[in-house]
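Computed from a predicted structure; not experimentally measured. Numbers restart at 1 for each chain; the letters A, B, ... are given by sequence-line order, proteins then strands.
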Protein chains: 2
Amino acid sequence: MPTPSKTSRDEIVAAARDLIAEFGVEVLTVQAVAERVGVRGPSLYKHFADRSALLREVELTVVADLGSALAAAGRSRDHRTALRAMAIAYRRFARESPGAYSLIFNLQSADAECQAARRHALEPALLRLEALWGDRGLAFTRARILTSFLHGFVSMEAAGAFRMGGNIEEAFFSGIALLLSKD
Amino acid sequence: MPTPSKTSRDEIVAAARDLIAEFGVEVLTVQAVAERVGVRGPSLYKHFADRSALLREVELTVVADLGSALAAAGRSRDHRTALRAMAIAYRRFARESPGAYSLIFNLQSADAECQAARRHALEPALLRLEALWGDRGLAFTRARILTSFLHGFVSMEAAGAFRMGGNIEEAFFSGIALLLSKD
DNA sequence: GTCTATACTTAGATAGAC
DNA sequence: GTCTATCTAAGTATAGAC
């Protein structure tokens, strides 16, 4: 029997994900991940072709996680209530794992599988918007506006850009309300 | 007479700024900047203490540039027209120098001088919002919502996140219109 | 599958001559 | 102020033994 496995593909991805979630993608070094799962750096190359292959795997799980969080949050029968809850869940996700969140709009993964994963994660929200505005084109427009606001808000919050005082919570909720308003 | 100067502080900052504007902050290596101004890497250390000192200088000029662009765009007598023009200028700035733009909400420069620079750059817009909504608190809230939308939109646009088809221009302008609407 | 050893690369930064 | 030479540190990746 050869050397028994100390780790697995899944464990490595999870470790990488945790590392990134907390500290950002720049700390994702092969050595750091290896140390976290209890092996030496070179051993990881038996599981992944290279660093970028690992990173890509992490990106996919992060997108899937966000999708789950959104789907779980948006279960209300009322569309606006559901969308509001999804927005809150989106923000919570970004606050809890800022590094992981920043992966989601990464340039890197532009291939079909990553795009599909992203689309799938955002689908529940899109369906609600469609139901709310009837028209698919209008829903797309609204989706973009809403996503832009959310992404911008959580990014600025993470960057500590809201330093001018005043009520940040109020800005968030009144932004959501405004963007979900009739028209 | 000692060795004559081949470059200057300002020239170095400008070179670094151009480099970042086009390719992003990660290409800002001491060597690359030095090459661009026509000297060797170590020579830069006679002008700047280290890389971060240079980067900080670049950040300040970028914020100032954005401020100038906003101020120049927002000259209309009508507040909404001015704000709309500023939003367009903001987007143009981000599109023309994506790397420079990404510096603006950088965590790095949290000191008083950088904050003051940022505040100064955004002041014309804030004044318009105040004039539009009367109340300073409400203007702050609106400023945050609007800035979040703008920042999110241009970031996503730069990341190529708008891949689902549909009219991106319409999303931008109807977002602006919505956020500048009466209430 | 894991290990040690090692090659290679890139980047920041300093020393000292001119 | 600029240069060459050099140091250091970090990180990716491979080779070959076990």
Can you measure [X] atom [atom1] to [N] atom [atom2] for me and round it to whole angstrom units?
X: A:Leu44; N: D:dT14; atom1: CG; atom2: P; result: 13 Å
X: A:Lys6; N: D:dC18; atom1: NZ; atom2: P; result: 18 Å
X: A:Leu54; N: D:dT12; atom1: CG; atom2: C1'; result: 13 Å
X: A:Tyr45; N: C:dA5; atom1: OH; atom2: P; result: 19 Å
X: A:Leu55; N: D:dT12; atom1: CG; atom2: C1'; result: 14 Å
X: B:Ile12; N: D:dT2; atom1: CD1; atom2: P; result: 7 Å
X: B:Gln31; N: C:dG12; atom1: CD; atom2: C1'; result: 9 Å
X: B:Glu35; N: C:dG12; atom1: CD; atom2: P; result: 13 Å

Minimum-distance nucleotide to [X] side chain [options: [options]]:
X: A:Thr3; options: D:dA13, D:dT4, C:dG1; result: C:dG1
X: B:His47; options: D:dA5, C:dG12, D:dT2; result: D:dT2
X: B:Pro42; options: D:dG11, C:dG12, C:dT14; result: C:dT14
X: A:Val39; options: C:dT2, D:dT2, D:dT12; result: C:dT2

### Task
Return yes when atom CZ of B:Arg36 has more than 12 non-hydrogen atoms of other residues, nucleotides or ligands closer than 6.0 Å, and no otherwise.
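Counting neighbours around CZ of B:Arg36, more than 12 heavy atoms of other residues, nucleotides or ligands fall under 6.0 Å, so yes.
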### Message
Students often get this wrong, so: under 4.0 angstrom with heavy atoms, is B:Leu28 touching a base, only sugar-phosphate, or nothing?
### Response
sugar-phosphate
### Task
Classify the nucleic acid contact of A:Ser43 as base, sugar-phosphate or nothing, counting any heavy atom under 4.0 Å across all strands shown.
base
#### Entry: 5' precedence on DNA chain D between A:Glu26 and A:Lys46 (nearest-nucleotide basis)
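The residue whose closest nucleotide sits nearer the 5' end is A:Glu26.
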### Message
Using OP1 and OP2 only, check whether a side-chain N or O of B:Arg40 sits under 4.0 Å from D:dT4.
### Response
yes
### A:Ser76-A:Asp78 side chain donor-acceptor pair, cut-off 3.5 Å
no
### Message
Please tell me whether A:His79 and A:Arg128 have a donor and an acceptor in their side chains that are separated by less than 3.5 angstrom.
### Response
yes
### Query
Can you check whether B:Arg77's main-chain N or O pairs, donor with acceptor, with B:Thr81's side chain at less than 3.5 Å?
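Side chain of B:Thr81 to backbone of B:Arg77, a donor-acceptor pair under 3.5 Å: no, none is there.
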### Message
Tell me whether A:Ser155 contacts the main-chain N or O of A:His151 through its side chain, where contact means a donor paired with an acceptor under 3.5 Å.
### Response
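Yes; judged by distance alone, with no hydrogens or angles, the pair exists.
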